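Data first, discussion second: the structure below is written as structure tokens.
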There are 2 protein chains.
Amino acid sequence: MRSLADKIENYLKELLGRSQGSVEIQRSELAQVFDCVPSQINYVLSTRFTVEQGYLVESRRGGGGYLRIVKLPLTDEGPLRRLIEASVDRLTSQQVGEGLIGRLVEEGFLTKREGKLMRAVIDREVLALPLPERDLLRSRLIRAMLLVLLQDDFD
Amino acid sequence: MRSLADKIENYLKELLGRSQGSVEIQRSELAQVFDCVPSQINYVLSTRFTVEQGYLVESRRGGGGYLRIVKLPLTDEGPLRRLIEASVDRLTSQQVGEGLIGRLVEEGFLTKREGKLMRAVIDREVLALPLPERDLLRSRLIRAMLLVLLQDDFD
DNA sequence: ACTTTTTGATTATCTCTGACCTTCATTGTA
DNA sequence: TACAATGAAGGTCAGAGATAATCAAAAAGT
């Protein structure tokens with residue numbers, strides 16, 4: 001028997017299918033529809049609607065709060081994907097990061113300006129954390145930026 | 001359901017759109033139109049018409065009092081530099097950072113992709129630090145990125 | 001045993017309200 | 001003419017209300 005999480009996932013993908021690529025809904029309302037606690041919705045979103053899977057989830061709290069799920073049109077750039085996979089392992093030095101960025105610029109995945117932007121971000125003086133944490137943070141930053149590049153330009 | 005604050009925001013931006021960059025209105029009158037307390041207007045102004053987002057709000061009390069909202073164009077790099085110094089100096093919340101980035105994209109100083117890149121960088125989940133440090137780091141990152149782009153303009 | 005799902009208590013964020021405060025223009029009066 | 005009193009704006013701030021996010025423990029699958 002399919003789990004509740006699966007049902008919610010299907011429901012949302014159904015909605016996405018017949019909309020123009022994005023759905024907006026209230027978390028509490030959706031939870032009511034499926035008669036579950038609201039945090040169940042978060043579970044579904046975090047396991048089935050990740051950026052890696054091609055979704056973007058935005059939300060707002062407070063009065064008039066909502067969840068918005070956007071289906072991202074993805075480029076099918078194999079090399080980028082592989083880089084992202086590889087960067088999952090956690091520590092990245094500045095040197096390694098700069099090498100990576102340099103290659104991406106050369107291969108035309110990044111403009112020079114974007115390259116500069118990324119180099120500024122991974123600079124050790126800017127990050128300014130003690131050393132195990134700094135490399136860890138740098139990895140998260142690079143990964144987050146690469147994921148953005150996977151997205152086609154839209155909207 | 002969009003919030004009241006959103007509606008007031010839209011209304012004002014509508015007015016701004018069809019005027020020549022500035023709108024003058026009475027706070028109490030506007031509050032009446034939306035059937036809310038006057039301080040709600042202040043809330044909208046302080047969250048959606050900030051300097052980071054490119055607006056200037058002037059006002060006057062007493063008889064004949066008014067609010068004036070001015071949309072600031074961002075043309076040369078002098079004001080931009082000042083903006084960077086002024087708004088990103090110490091602590092920057094994600095909200096304020098996104099406002100600033102959105103504004104820079106609107107003004108054509110950043111491409112949409114660069115905007116997305118920057119947004120990814122300042123995301124609280126990516127930074128993943130406890131709270132005073134997170135806002136501090138975000139400030140350094142935004143500053144570093146913008147400074148690099150400023151320099152880039154002279155290549 | 002291990003992984004995935006489900007739950008709920010707690011926390012964080014965004015919005016809205018009202019009581020009280022400050023500023024400015026006008027009016028009345030010595 | 002002063003200038004104090006009055007009234008008509010707008011400003012501030014703390015608290016209440018409305019959502020969503022997090023996290024870890026319990027439960028359910030495998």
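Note that the coordinates shown come from a computational prediction; the quantities given were computed from them, not determined experimentally. Every chain is numbered from 1, with letters handed out A, B, ... down the list of sequences.
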Rounded distance in Å - [atom1] ([X]) to [atom2] ([N]):
X	N	atom1	atom2	result
B:Tyr43	D:dG17	OH	C1'	12 Å
B:Glu9	C:dC14	CD	P	14 Å
A:Arg27	C:dT7	CZ	P	14 Å
B:Arg60	C:dT26	CZ	P	10 Å
B:Phe34	C:dT15	CZ	P	15 Å
B:Arg134	C:dT13	CZ	P	6 Å
B:Asn42	C:dC21	CG	P	17 Å
B:Arg68	D:dG11	CZ	P	13 Å

Problem set entry | Given DNA chain C, 5'-ward residue of the pair A:Arg48 and A:Ser39, judged by closest heavy atom |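 Nearest-nucleotide comparison on DNA chain C picks A:Arg48.
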Exercise. Between B:Arg124 and B:Val44, which is nearer to the 5' end of DNA chain C once each is assigned its nearest nucleotide?
Worked result: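 Per heavy-atom nearest nucleotide, the more 5' residue is B:Arg124.
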For [X], which contact category applies under a 4.0 Å heavy-atom criterion: base, sugar-phosphate, or nothing?
X	value
B:Gly62	base
A:Ser28	sugar-phosphate
A:Ile41	nothing
A:Glu58	nothing

Exercise. Nearest heavy-atom pair of A:Ile122 and A:Glu98: which atoms, and what distance?
Worked result: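 Minimum heavy-atom contact is CD1-N, 3.8 Å.
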For this session: Can you measure from OG (B:Ser139) to CZ (B:Arg134) and round to the nearest 0.5 angstrom?
Result: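 Interatomic distance, B:Ser139 OG to B:Arg134 CZ, rounded to 0.5 Å: 12.0 Å.
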Exercise. Is B:Tyr55 close to B:Val70 at the side-chain level, that is, under 4.5 Å between some pair of heavy atoms?
Worked result: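 A side-chain contact is absent here, since even the closest heavy-atom pair is not under 4.5 Å.
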Exercise. Between B:Gly63 and B:Glu125, who's closer to the 5' end of DNA chain D by nearest nucleotide?
Worked result: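 Comparing both residues, the 5'-ward one is B:Gly63.
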Exercise. Counting side-chain heavy atoms from C-beta on, which of C:dC14, D:dG10, C:dT17 comes nearest to B:Cys36?
Worked result: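 For B:Cys36, the side-chain atoms sit closest to C:dT17.
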Problem set entry | A:Arg61 side chain, from C-beta outward: closest of D:dT12, C:dA12, D:dC23 |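 Taking heavy atoms from C-beta onward, the closest nucleotide is C:dA12.
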Exercise. Is B:Gln26 near enough to D:dA9 that one of its side-chain N or O atoms lies under 4.0 angstrom from OP1 or OP2?
Worked result: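 The answer is yes; a side-chain N or O of B:Gln26 sits under 4.0 Å from OP1 or OP2.
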Problem set entry | Between A:Ser28 and A:Gln26, a side-chain donor and acceptor under 3.5 Å |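 No donor-acceptor contact under 3.5 Å links the two side chains.
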For this session: May I ask you to establish whether A:Lys71 and A:Phe49 are in a cation-pi arrangement, using a distance under 6.0 Å from NZ or CZ to the six-membered ring centre and at most 45° from the ring axis?
Result: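 Judged by the rule (NZ or CZ under 6.0 Å from the ring centre, within 45° of its axis), A:Lys71 is not positioned above A:Phe49.
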